[in-house]
Peer 1: 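Sharing a structure with you now.
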Amino acid sequence: MAELNFSQRVYEVVRGIPAGKVATYGQVAALAGNPRNARIVGYALHSNPEPGVIPCHRVVFRDGSLAPGFAFGGPEKQRELLEQEHVRFIPPSKAEAAGAGGWRADLEHCQWQA
DNA sequence: TAAGTGACGGGCT
DNA sequence: GAGCCCGCCACTT
């Protein structure tokens, strides 16, 4: 396991996120070994060697917003997938434009705790 | 081998 | 309270 690259660790961590739960990039980065490598987590997930196996749609920003560069059909698709997993969402209170129209995952109740 | 790029996070103005 | 800037480190070319 120790021979796994940081990206490989990221994949292992993300695959460990259960349905109905979401994790932040920073959280995944921390579990992968480097709390400040949230950026690398995004880069690693962008490679996404196993789409459908790695639930990268369960990884969100630290404020609960979705990734703008989601490549599974759009941020709305990501929100739809999470809603099907019973992940609570907070509707945009203002003219938010981040991710799926400003919708943010309710980290208060659905954030994954490793 | 070296430089650039990038799904972020936190701090400062 | 909101927005902007800088820093970090692995992966790609």
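The shown structure was predicted, so the numbers you read here are calculated from the model rather than taken from an experiment. Residue numbering restarts at 1 for every chain, and letters A, B, ... go by the order of the sequence lines.
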Peer 1: Are Trp103(A) and Leu66(A) connected, step by step, through hydrophobic side chains (Ile, Leu, Val, Met, Phe, Trp, Tyr) whose heavy atoms are closer than 4.5 Å?
Peer 2: yes
Peer 1: Distance check needed: dA10(C) P versus Tyr25(A) OH, whole Å only.
Peer 2: 19 Å
Peer 1: Rounded to the nearest angstrom, tell me the gap between atom OH in Tyr43(A) and atom P in dA10(C).
Peer 2: 13 Å
Peer 1: Can you tell me how far P of dG10(B) sits from CG of Asn34(A), to the nearest Å?
Peer 2: 14 Å
Peer 1: Can you tell me the distance, in whole Å, between the CZ atom of Phe61(A) and the P atom of dG6(B)?
Peer 2: 14 Å
Peer 1: With nearest nucleotide decided by heavy atoms, which residue, Pro35(A) or Ile40(A), maps closer to the 5′ end of DNA chain B?
Peer 2: Ile40(A)
Peer 1: Write down the distance between CD (Gln27(A)) and P (dG10(B)), rounded to a whole number of angstrom.
Peer 2: 12 Å
Peer 1: Using a distance-only criterion (donor-acceptor N/O pair, under 3.5 Å, no hydrogens), is the base of dG7(C) paired with the side chain of Arg36(A)?
Peer 2: no
Peer 1: Among the clusters formed by ILVMFWY side chains lying less than 4.5 Å apart, do Ile90(A) and Val87(A) turn up in the same one?
Peer 2: no
Peer 1: I need the CZ-P distance between Arg58(A) and dA7(B), as an integer number of Å.
Peer 2: 22 Å
Peer 1: Is there a donor-acceptor contact under 3.5 Å linking the side chains of Asp63(A) and Ser65(A)?
Peer 2: yes
Peer 1: Measure from CZ on Phe6(A) to P on dC9(C) and round the result to the nearest Å.
Peer 2: 11 Å
Peer 1: Answer yes or no: is there an ion pair linking Arg88(A) with Glu108(A), defined by an N-O contact shorter than 4.0 Å?
Peer 2: no
Peer 1: Return the nearest nucleotide to the side chain of Ala38(A); candidates are dA7(B), dA10(C), dC8(B).
Peer 2: dC8(B)
Peer 1: Whole Å only: how far is the CG atom of Leu45(A) from the P atom of dT5(B)?
Peer 2: 22 Å
Peer 1: Between Arg62(A) and Gly42(A), just flag the one whose closest nucleotide in DNA chain B comes earlier from the 5' side.
Peer 2: Gly42(A)
Peer 1: Any side-chain N or O of Ser7(A) less than 4.0 Å from the OP1 or OP2 oxygen of dA10(C)?
Peer 2: no
